[in-house]
Amino acid sequence: MQVPRKILMGGGPTNVHPRILSAQSLPMLGYFQEPLLAIMDEIQDGLRYLMQTESRYICLLGASGHAGMEAGIANLLEPGEKIVIINQGVWGWKAAQMARRYRGDVVEVCKEPGVACTLEELEELLATHKPAVLFICQGESSTGTLNDLSGLGQACHQHNTLLLVDAVCSIAGSPLFTDAWDIDCLYAGAQKCLSAPPGATPFMMSERAIHKLQNRRQPVACYLFDMELNGRYWNWWQERSVHNTGLITNWYAMREALAIVADEGLAAVWQRHSDMHHMLWQGLGQLGLQPLVKDPAHRLPCVNAIQVPPGVDARAVIDYAMKTYSLEIATGLPPLNTAIWRIGLLGYNAAPHNVALVTTAFREALQEQGYA
Ligand SMILES: Cc1ncc(COP(=O)(O)O)c(C=O)c1O
């Protein structure tokens with residue numbers, strides 16, 4: 001099998017770190033073998049550091065980031081209960097679709113693309129609706145928008161609401177403090193700022209979320225991601241049993257990804273994403289390009305949304321970058337489609353030489369179209 005090499009600078013996946021690629025080819029182990037259980041323990045320690053939490057209810061789910069969304073909604077929400085969903089793009093929209101399938105009473109709050117939420121407006125929503133669950137993305141990758149979550153968990157708990165956060169894109173790319181921000185359920189992505197292959201989704205629950213799970217009136221409708229059953233394999237209840245076969249080689253990959261983050265240090269990883277984001281906008285700004293997100297404090301460093309100037313063919317720029325440099329740049333997702341480009345600065349690829357290449361590709365592609 002031959003697979004061409006590309007430089008992946010879209011919304012994810014990103015190129016996999018070589019250390020992680022080789023970790024994936026290590027020998028297979030059986031369900032309960034000591035070395036595998038030790039690796040699982042180390043993964044949990046690494047995830048606690050990554051998410052900045054002490055929670056023992058932490059694990060990997062066996063599927064891409066959607067698994068976290070499905071598990072979060074299915075376990076936290078009972079049929080008929082109210083859930084407020086902040087829709088700032090595709091991922092909030094999908095969460096609302098999913099919550100309706102779990103028969104939640106969904107209040108979908110749609111924001112203008114590229115506009116973040118304020119704590120005051122979220123507090124008002126909580127006071128009005130008193131939902132069982134509030135869903136929000138820390139980083140909405142379809143529009144490159146970053147929400148500030150500090151104080152939100154405390155506000156949720158005043159109304160007996162559980163806070164469910166999507167950090168698929170933002171994990172390791174922006175500061176995140178699960179315990180200090182009182183987040184009840186958090187899920188992340190492997191293939192973005194962790195530079196791992198897709199497939200193993202980091203997932204965490206607080207004591208409050210576990211209490212809700214253990215006192216449900218009805219069983220969790222999603223059998224695969226019933227966290228009572230998943231938690232048994234991850235030693236949540238002091239006694240191990242297998243629910244489904246682990247994605248064992250993906251676990252090796254995640255173990256290595258977490259070690260790479262720890263080697264560099266979380267604060268340094270966040271800083272590198274921020275530095276590359278500023279370098280990118282310096283270059284794009286010189287070309288006259290504008291960000292979709294107006295407020296610099298709410299620009300997601302790891303996925304950058306760029307407005308396509310009037311008269312420019314967005315698709316031709318993407319094709320130029322791919323043809324000339326094997327460089328992937330992404331379009332927007334519906335409904336923005338070719339109204340924006342998206343540049344990912346994700347993990348291993350968040351490096352100066354890649355940022356310089358992206359800027360060069362834009363300059364040349366725009367010149368080819370006669371854009372001044
Ligand atoms: C913010 C966010 N949430 C959820 C997802 C879904 O993750 P996956 O495609 O890995 O299932 C993505 C993927 O891009 C994302 O960026």
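All ligand and atom numbering here is 1-based and tracks the order in the structure.
Judged purely by atom type and a 3.5 angstrom limit, D313 uses its side chain to pair as donor or acceptor with the backbone of R315. Between the side chain of N15 and the backbone N or O of K6 there is at least one donor-acceptor pair closer than 3.5 Å.
Sorted by chain and number, the heavy-atom contacts of ligand 1 below 4.0 Å come from S64, G65, H66, W91, G139, S141, D166, V168, C169, Q191, K192.
At a cut-off of 3.5 Å, with distance as the only test, no side-chain donor of H243 or D226 sits close to an acceptor on the other residue. If you check the side chains of T145 and T143, you find a donor sitting under 3.5 Å from an acceptor.
Between W251 and Y233, the ring centre distance stays below 6.0 Å.
Nearest heavy atoms, L47 versus P202: CD2-CB, 3.6 Å.
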